[in-house]
Amino acid sequence: MKIYQDLRNKGFRITSQRESVMKALSSSPLTAEEIYKKLKGDSVDIDLASVYRTLELFIKFGVIKELFFNDSIKRYEIIDHNDHHHHLICTECGSIEDIALSLEKKFIKEIKNKSKFKVEKHSLEFFGICRKCQ
């Protein structure tokens, strides 16, 4: 993974626990507790405090970010500058799905043209009911 090489270049050691946390985050945004449960289910020897320390370290090195959706629960997601996406959040089961939007650049340009506002970053979440829950 390119992320591991970037971290090594910054003097960051990649331990098996840190690698496991990163792999857990590769599928979708998760809370620290969800990461911990996932790793314990995969028989990874890690405690919840280590998960939190690892997440804080990843944030410090700029490889993950914190996300807050409508429920005010802190989730974590890998930062991939080549894969900008938004989220579909199911209000029934809580599942989170990534979605890329092709018209995004057009909307940002329109915002700039209409308001002279320079968008530096943005996030967009859609709340509804997923296929499984419908």
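All residue numbers refer to positions in the sequence shown, counting from 1.
Take S28 and apply the side chain to side chain contact (heavy atoms under 4.5 Å, CB included) test, not counting sequence neighbours, and it matches L30. With sequence neighbours excluded, no residue satisfies salt bridge (charged side-chain N to carboxylate O under 4.0 Å, His left out) with E125.
With L124 as reference, H86 is the one residue of H86, H85, H87 to meet the side-chain contact (heavy atoms from CB on, under 4.5 Å) rule. Here the options are V44, T15, L55, the test is side-chain contact (heavy atoms from CB on, under 4.5 Å), and the partner is V21; only L55 passes.
In the hydrophobic cluster analysis, where Ile, Leu, Val, Met, Phe, Trp and Tyr join through side-chain heavy atoms closer than 4.5 angstrom, I35 is grouped together with I14. Cluster membership check: F127 shares its hydrophobic cluster with L67, using side-chain heavy-atom separations under 4.5 Å among Ile, Leu, Val, Met, Phe, Trp and Tyr.
A distance of 6.0 Å or more separates the ring centres of Y52 and Y76.
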### Query
Is there a side chain to side chain contact (heavy atoms under 4.5 Å, CB included) between L101 and F126 once you walk through the steps?
CA-CA 12 Å; L101 301 173; F126 297 92; 4.2 Å; yes

### Query
Could you walk me through whether K112 and I108 pass the side chain to side chain contact (heavy atoms under 4.5 Å, CB included) check?
CA-CA 6 Å; K112 185 176 182 181; I108 291 173; 5.8 Å; no

### Message
Is there a side chain to side chain contact (heavy atoms under 4.5 Å, CB included) between V63 and I78? Walk through the geometry before answering.
### Response
CA-CA 6 Å; V63 295; I78 295 173; 5.8 Å; no

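A 6.0 Å sphere centred on NZ of K40 holds more than 12 heavy atoms belonging to other residues, nucleotides or ligands. Atom CG of N9 is surrounded by more than 12 heavy atoms from other residues, nucleotides or ligands within 6.0 Å.
Taking each heavy atom of L48 and A32 in turn, the nearest pair found is CD1-O, 3.9 Å. Of all heavy-atom pairs spanning S27 and A24, the tightest one is OG-O, 3.7 Å. Closest non-hydrogen pair, I79 versus I64, comes out as CD1-O, 3.4 Å. Nearest approach of S20 to L39, heavy atoms of both residues: O-CD2, 3.5 Å.
R18 forms a cation-pi arrangement with F12, by the criterion of a distance under 6.0 Å to the ring centre and an angle within 45° of the ring axis.
Between E19 and K23 there is a salt bridge, since at least one side-chain N of the basic residue sits less than 4.0 Å from a carboxylate O of the acidic one.
Put simply, the side chain of T54 gets close to the backbone of S50: a donor and an acceptor are under 3.5 Å apart. For E34 (side chain) and T31 (main-chain N/O), a donor-acceptor pair under 3.5 Å exists by modelled atom type.
Distance NZ/K38 to CD1/I46: 13.5 Å, rounded to 0.5 Å. Rounding to the nearest 0.5 angstrom, the gap separating the CD atom in E97 from the SG atom in C90 is 10.0 Å. Remark: S123 OG to F69 CZ distance equals 8.0 Å, nearest 0.5 Å.
Contacts classified as salt bridge (charged side-chain N to carboxylate O under 4.0 Å, His left out) and involving residues 60-72 (residues at least two apart or in different chains) are given here: K65-E77, E66-K74, D71-R75.
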